[in-house]
Asker: 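Sharing a structure here in structure tokens format.
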Amino acid sequence: MNCLVTGGAGFIGSHLCEVLLEKGHNVTVIDDLSIGSTENLKEFLENGLIKFVQGDILEESLLDDLISKSDIVFHLAAVVGVKHVVDNPVRGIYVNYGGTEKVLRLCHLHKKRVVFTSSSEVYGKSKMIPFSEEGDMVLGPSYVPRWSYAVSKALGEHLAIGLSKKGLAATVVRYFNAYGPKSKPDGYGSVVAKFTVQAINNLPITVFGDGSQIRAFSYVKDIARGTMLAGMSENSVGKIYNIGGNNKIKIFDLAEKIRDMVSSSSPIKLIPPDEEYGKNFEDIDLRCADMRKAREELNFECKISLEEGLQKTIEWFRAVPLKKLA
Ligand SMILES: NC(=O)c1ccc[n+]([C@@H]2O[C@H](COP(=O)([O-])OP(=O)(O)OC[C@H]3O[C@@H](n4cnc5c(N)ncnc54)[C@H](O)[C@@H]3O)[C@@H](O)[C@H]2O)c1
């Protein structure tokens with residue numbers, strides 16, 4: 001199949017490209033390199049395995065041309081990461097909703113299959129644990145910039161589901177805290193990357209709040225495989241799937257685990273989240289996925305344990321010159 005990956009030079013997108021290539025698909029990437037890097041695609045570019053187009057998904061004529069030549073679009077391009085969104089919520093909304101609207105509308109026009117990548121952020125402050133696809137979204141006020149990310153993703157989901165009732169073959173996947181090689185210490189769910197870099201350099205490992213927040217981390221290769229399965233399944237059209245792992249851990253325990261695995265002498269330093277994100281920041285205590293739907297309908301399950309995934313991540317960060325992470 002001819003696959004278009006928007007945001008394919010980013011963290012998850014570059015792993016998705018690899019998974020698609022392994023299955024023999026043709027891959028084209030559009031990325032504006034605002035956050036991602038061609039370094040993430042180096043081996044595929046050097047071997048002529050993918051086509052790379054540097055461009056903005058808000059440029060409709062370029063997008064139209066690329067979508068018209070594809071069989072399936074994996075839409076990952078977004079302004080990602082609490083920090084990026086809090087710093088520039090307007091750009092986040094333009095890209096994360098405006099860009100998604102263009103991608104979905106053009107896929108509808110050209111009758112193309114599409115997978116829209118949403119986020120566990122849409123569950124917000126919901127207490128319905130574990131989060132299931134049919135559960136409520138509980139979001140905070142519009143004065144708090146972090147919620148603009150969840151709102152723009154949720155609106156994209158509504159559009160995907162709405163257009164699927166009008167003939168668009170769309171599937172939504174909601175990712176839960178991906179980690180692994182090629183993640184950036186300042187990216188989304190990047191706490192693993194940040195702690196790893198701090199531990200390798202024997203710097204204080206900075207934990208927001210008291211570190212009692214619980215997250216379920218998902219190794220990026222698993223996430224990429226789940227995304228491909230969602231796009232290739234005939235029964236997933238018009239549906240939403242959680243794509244994540246069951247590796248639940250407290251953030252403080254994660255800091256200790258990474259420090260031990262790195263054999264680092266880093267102290268663990270608790271800092272108030274508003275020092276990084278400003279006064280209005282609202283943190284989520286517990287976030288984990290109900291994976292029954294993806295397991296039953298997509299035959300998807302994360303295979304990589306937290307220990308194995310952390311080991312691979314640590315090895316990758318040890319091998320990469322830190323200036324390349326900036
Ligand atoms: N990483 C996670 O844990 C996580 C969790 C939930 C959802 N997601 C979603 O998964 C997708 C991929 O996330 P990621 O972690 O790989 O982030 P990433 O920042 O590494 O990748 C996003 C890519 O989109 C590109 N991009 C941004 N704006 C663009 C534009 N206007 N036009 C073209 N390209 C543009 C960036 O340069 C980057 O390469 C995003 O849609 C994100 O919202 C990620």
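Just so you know, ligand 1 is whichever comes first in the structure, and atom 1 is the first atom listed for that ligand. In this chain, residues are counted from 1 in sequence order.
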Asker: More than 12 heavy atoms of other residues, nucleotides or ligands under 6.0 Å from CZ of Arg292: yes or no?
Answerer: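 No, because the 6.0 Å sphere around CZ of Arg292 holds 12 heavy atoms or fewer from other groups.
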Asker: Any non-hydrogen side-chain atom of Glu157 less than 4.5 Å from a side-chain atom of Ser119?
Answerer: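 When only atoms from C-beta onward are counted, Ser119 and Glu157 do not touch, as no gap falls below 4.5 Å.
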Asker: Among Ile12, Val191, Asp31, which one puts a heavy atom closest to atom 14 (P) of ligand 1?
Answerer: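 Answer by nearest heavy atom: Ile12.
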Asker: Checking the N or O distance criterion of under 3.5 Å, is ligand 1 in contact with Ser120?
Answerer: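 So ligand 1 has no N or O lying under 3.5 Å from an N or O of Ser120.
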Asker: Hey, is ligand 1 close enough to Ile57 that some N/O pair sits below 3.5 Å?
Answerer: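 Yes; the residue has a nitrogen or oxygen that sits under 3.5 Å from a nitrogen or oxygen of the ligand.
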Asker: Closest by any non-hydrogen atom to atom 7 (C) of ligand 1: pick that one out of Ser118, Ala78, Ser14.
Answerer: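 The nearest heavy atom belongs to Ser118.
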Asker: Short N/O distance, under 3.5 Å, between Ala77 and ligand 1?
Answerer: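 By distance alone, the answer is no.
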Asker: Any carboxylate oxygen within less than 4.0 angstrom of a Lys/Arg side-chain nitrogen, looking at Lys257 and Glu307?
Answerer: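 Salt bridge present between Lys257 and Glu307.
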Asker: Under 4.0 angstrom from ligand 1, any heavy atom of Ser218?
Answerer: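 Flag not set, Ser218 not near ligand 1.
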Asker: Are Lys182 and Phe11 in a cation-pi contact, defined as NZ or CZ under 6.0 Å from the six-membered ring centre and within 45° of the axis?
Answerer: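 The answer is no; the distance or angle limit is not met.
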Asker: A quick test of your reading: do over 12 heavy atoms of other residues, nucleotides or ligands sit less than 6.0 Å from NZ of Lys248?
Answerer: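 No - once you tally the heavy atoms of other residues, nucleotides and ligands closer than 6.0 Å, there are 12 at most.
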Asker: Have a look at Ser34, Ala9, Gly10 and point out the one with the heavy atom closest to atom 28 (N) of ligand 1.
Answerer: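 Going through Ser34, Ala9, Gly10 one by one, Ser34 has the nearest heavy atom to atom 28 (N) of ligand 1.
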Asker: So, 4.0 Å and heavy atoms of Lys153: is ligand 1 close enough to count as a contact?
Answerer: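 So Lys153 counts as touching ligand 1.
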Asker: Would you mind reporting whether Val53 and Leu66 have side-chain heavy atoms less than 4.5 Å apart?
Answerer: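 Yes, close enough: below the 4.5 Å cut-off.
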Asker: Determine, considering heavy atoms only, which of Phe116, Phe217, Tyr175 sits nearest to atom 9 (C) of ligand 1.
Answerer: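 When every heavy atom of Phe116, Phe217, Tyr175 is considered, Tyr175 comes closest to atom 9 (C) of ligand 1.
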Asker: With atoms numbered from 1 as shown, which atoms in ligand 1 lie under 4.0 angstrom from a non-hydrogen atom of Ser119?
Answerer: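 Those qualifying, in numeric order: 6 (C), 7 (C).
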Asker: Distance under 4.0 Å to a non-hydrogen atom of Gly55: what atoms of ligand 1 satisfy this?
Answerer: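 Taking each heavy atom of Gly55 in turn, ligand 1 has 32 (N), 33 (C) under 4.0 Å.
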Asker: Tell me whether His15 reaches ligand 1 (any heavy atom closer than 4.0 angstrom to a ligand atom).
Answerer: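 No heavy atom of His15 comes that close to ligand 1.
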Asker: Relative to the heavy atoms of Arg91, which atoms of ligand 1 are at a distance of less than 4.0 Å?
Answerer: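 In order of number, 31 (N).
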Asker: Can you find a side-chain donor-acceptor pair between Tyr241 and Glu133 that sits under 3.5 Å?
Answerer: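 Side-chain D/A pair, Tyr241 to Glu133: absent.
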Asker: Given the ring of Tyr123, does Arg174 sit roughly above its face, with NZ or CZ under 6.0 Å from the centre of the six-membered ring and within 45° of the axis?
Answerer: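 Pair Arg174/Tyr123 counts as cation-pi.
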Asker: Just wondering, do Leu159 and Glu101 contact through their side chains at under 4.5 Å, heavy atoms?
Answerer: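 Heavy-atom side-chain distance check passes, below 4.5 Å.
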Asker: Numbering the atoms of ligand 1 from 1, which are under 4.0 Å from a heavy atom of Asp56?
Answerer: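 It comes down to these atoms of ligand 1: 30 (C), 31 (N), 32 (N).
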Asker: Would you mind listing which atoms of ligand 1 come within a distance below 4.0 Å of any non-hydrogen atom of Gly36?
Answerer: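 Going through ligand 1 atom by atom, the ones under 4.0 Å from Gly36 are 36 (C), 37 (O), 38 (C), 39 (O).
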Asker: Considering the heavy atoms of Val95, write down every atom of ligand 1 situated less than 4.0 Å from one of them.
Answerer: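 This gives 28 (N), 31 (N) as the contact atoms.
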Asker: To which of Val79, Leu33, Ile35, Asp32 does the heavy atom nearest atom 19 (O) of ligand 1 belong?
Answerer: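 The residue whose heavy atom sits nearest atom 19 (O) of ligand 1 is Ile35.
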Asker: Using a heavy-atom cut-off of under 4.0 Å, does the side chain or the backbone of Tyr149 touch ligand 1, or both, or neither?
Answerer: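 The part of Tyr149 near ligand 1 is the side chain, not the backbone.
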Asker: Less than 3.5 Å apart, any donor N or O on the side chain of Ser68 or His110 sitting next to an acceptor on the other?
Answerer: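 The answer is no; no qualifying pair exists.
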Asker: Is the NZ or CZ atom of Lys194 positioned over Phe208's six-membered ring, under 6.0 angstrom from the centre and within 45° of the axis?
Answerer: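 Geometry flag: set, cation within 6.0 Å and 45°.
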